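Reading through the structure tokens given below for one structure.
Computed from a predicted structure; not experimentally measured.
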Amino acid sequence: MPELVFFSGTMDCGKSTLALQIEHNRSARGLQGMIFTRDDRAGAGKLSSRLGLVTDAIEAADDFDFYAHLVDHLSQGGRADYVIADEAQFLAPDQIDQLARVVDDLGLDVFAFGITTDFRSKLFPGSQRLVELADRVEVLQVEALCWCGARATHNARTIGGEMVVEGAQVVVGDVNQSPDEVGYEVLCRRHHRRRVTAATARAGALSPDVLPVDTASCV
């Protein structure tokens, strides 16, 4: 039976790499897929991995209708054996409903990939709808690590290495950005709660301890 499967995890845990691997494995068996993405780090119409792998994809804008696009493609003699939707957290709930309809009415497997929560630990609307509708939710087993070595469970937005908790929900960025840019860092829950990033932890460790010594008493 066809399924809607949601592969979720933090940033930097290999979601896009897995999407590309699924595409490779299925295309190697003669199957043809349709790949969609939204706001990929490599630019519009691309699905890319931090490992350097990249392939062409269809950019799914705000008004994009997955079901109508697939019906039009198939009715014109096109072929589609499965669907891959990367960066699914950026999709609108209605678009997730369309992907579910692709599974139910067109009989195609849909593999959606995305992070579950934003930099404030709030669910993305697209991810929330996927959790509600998916036949399966698979948490990726490749664990991203916090700077402290613990399992990273939260995505933090940073500016100048410092964590920020206000701003628009969607701001495109990536890990390992330069200090002047909006960047992201994965943290364990403890350090996300405390807003301690790698940069602030390092700065704290390098700061000299100042003892409250009365220098006059040392004369």
**Prompt:** Above 12 or not: heavy atoms from other molecules or residues under 6.0 Å from CZ of Arg79?
**Reply:** yes
**Message:** With a 3.5 Å distance limit and no angle check, can you tell me whether Trp147 reaches the backbone of Ala201 through a side-chain donor-acceptor pair?
**Reply:** no
**Asked** Side chains of Gln89 and Glu87: is there a donor and an acceptor less than 3.5 Å apart?
**Response** yes
**Item:** 4.5 Å side-chain heavy-atom contact, His191 and Cys148
**Value:** yes
**Note, Tyr82 side chain near Leu108 side chain (heavy atom, < 4.5 Å)** = no
**Message:** Set out, in order, the CA-CA distance, both residues' side-chain angles and the distance that settles side chain to side chain contact (heavy atoms under 4.5 Å, CB included) for Arg26 and Asp109, then state yes or no.
**Reply:** CA-CA 12 Å; Arg26 291 185 170 239; Asp109 284 316; 4.0 Å; yes
**Prompt:** When you check the gap from the basic side-chain N to the acidic O, do Asp86 and Lys46 get nearer than 4.0 Å?
**Reply:** no
**Thr37 side-chain N/O to Ala57 backbone N/O, donor-acceptor pair under 3.5 Å** = no
**Asked** Is there a donor-acceptor contact under 3.5 Å from the side chain of Gln95 to the main chain of Ala61?
**Response** yes
**Message:** How close do Leu74 and Ala80 get, counting heavy atoms only, and between which atoms?
**Reply:** CD2-N, 3.8 Å
**Request:** Indicate yes or no: at least one non-hydrogen side-chain atom of Leu130 is less than 4.5 angstrom from one of Leu4.
**Result:** yes
**Message:** Ignoring hydrogens, what is the shortest heavy-atom contact between Gln98 and Asp65? Give both atom names and the distance.
**Reply:** OE1-CA, 3.2 Å
**Complete:** Here the gap from Leu187 atom CG to Leu145 atom CG, rounded to the nearest 0.5 Å, amounts to 11.5 Å
**Prompt:** Gly161 and Thr200: which non-hydrogen atoms are nearest, and at how many Å?
**Reply:** O-CG2, 4.0 Å
**Request:** Provide the closest heavy-atom pair for Ala112 versus Ala88 in the form atom of the first, atom of the second, distance.
**Result:** CB-CB, 4.1 Å
**Asked** Which ring pair (Phe, Tyr, Trp, His ring centres under 6.0 Å) pairs, counting each pair once, include a residue from residues 19-41, with sequence neighbours left out?
**Response** Phe36-Phe64, Phe36-Phe66, Phe36-His69
**Message:** Checking side-chain polar atoms at under 3.5 Å, does Asn25 have a donor or acceptor matched by the opposite partner on Gln21?
**Reply:** yes
**Fill in**
Taken to the nearest 0.5 Å, the spacing of His154 NE2 from Ser121 OG works out to 3.5 Å
**Prompt:** Any idea which heavy atoms bring Ala19 and Leu47 closest together, and the distance?
**Reply:** CB-CD1, 4.2 Å
**Asked** Side chain of His192, backbone of Phe119: donor and acceptor closer than 3.5 Å?
**Response** yes
**Fill in**
For Leu123, the hydrophobic cluster (side chain heavy atoms closer than 4.5 Å, chained through members) also holds none
**Request:** Run the numbers on Leu106 and Arg101 for side chain to side chain contact (heavy atoms under 4.5 Å, CB included), then give the verdict.
**Result:** CA-CA 7 Å; Leu106 302 182; Arg101 191 179 178 191; over 6 Å; no
**Message:** Determine whether a donor-acceptor pair (N or O, by modelled atom type, separation under 3.5 Å) exists between the side chain of Asn155 and the backbone of Thr117.
**Reply:** yes
**Item:** Side-chain donor or acceptor of Asp135 paired with backbone N/O of Glu3 under 3.5 Å
**Value:** no
**Message:** Between Leu70 and Leu99, is there shared hydrophobic-cluster membership here, with clusters defined by ILVMFWY side-chain heavy atoms closer than 4.5 Å?
**Reply:** yes
**Prompt:** Should Lys122 and Asp118 count as an ion pair when the cut-off is N to O under 4.0 Å?
**Reply:** no
**Complete:** Distance col, row Met163:CE vs Thr158:OG1, nearest 0.5 angstrom, shows 10.0 Å
**Asked** Are the side chains of Glu59 and Asp39 in touch, meaning some heavy atoms are under 4.5 Å apart?
**Response** yes
**Prompt:** Are Ile96 and Ile84 grouped together when hydrophobic residues (ILVMFWY) are joined by side-chain heavy atoms under 4.5 angstrom apart?
**Reply:** no
**Request:** Could you tell me whether a side-chain N or O of Ser75 sits under 3.5 Å from a main-chain N or O of Val71, the two making a donor and an acceptor?
**Result:** yes
**Prompt:** From Leu91 CG over to Phe124 CZ, what is the distance, rounded to the nearest 0.5 angstrom?
**Reply:** 11.0 Å
**Request:** Mind running side chain to side chain contact (heavy atoms under 4.5 Å, CB included) on Ser8 and Val137 for me, showing each step along the way?
**Result:** CA-CA 7 Å; Ser8 69; Val137 177; 4.1 Å; yes
**Message:** Contact between Asp56 and Ile35 at the side-chain level, heavy atoms closer than 4.5 Å - yes or no?
**Reply:** no
**Item:** Worked verdict on Ile58 versus Arg38 for side chain to side chain contact (heavy atoms under 4.5 Å, CB included)
**Value:** CA-CA 8 Å; Ile58 299 169; Arg38 175 71 181 271; over 6 Å; no
**Request:** Answer whether the closest heavy-atom distance between the side chains of Lys15 and Phe7 falls below 4.5 Å.
**Result:** no
**Prompt:** Taking the side chain as C-beta and beyond, is there a heavy-atom pair between Ile22 and Phe113 under 4.5 Å?
**Reply:** yes
**Prompt:** For the hydrophobic clusters of this structure (ILVMFWY residues joined by side-chain heavy atoms under 4.5 Å, transitively), does one cluster hold both Val131 and Val102?
**Reply:** yes
**Asked** Would a distance-only check, ignoring hydrogens and angles, find a side-chain to backbone donor-acceptor pair under 3.5 Å from Gln32 to Ser27?
**Response** no
**Request:** Treat each ILVMFWY residue as a node, draw an edge where side-chain heavy atoms are under 4.5 Å apart, and state whether Val5 and Leu140 are in one component.
**Result:** yes
**Message:** Could you check whether any side-chain heavy atom of Glu162 comes within less than 4.5 Å of a side-chain heavy atom of Thr197, counting everything from C-beta outward?
**Reply:** no
**Prompt:** From Glu185 CD over to Cys146 SG, what is the distance, rounded to the nearest 0.5 angstrom?
**Reply:** 7.0 Å
**Request:** Grab the two heavy atoms, one from Val186 and one from Ala152, that are nearest each other, plus how far apart they are.
**Result:** CB-CB, 3.6 Å
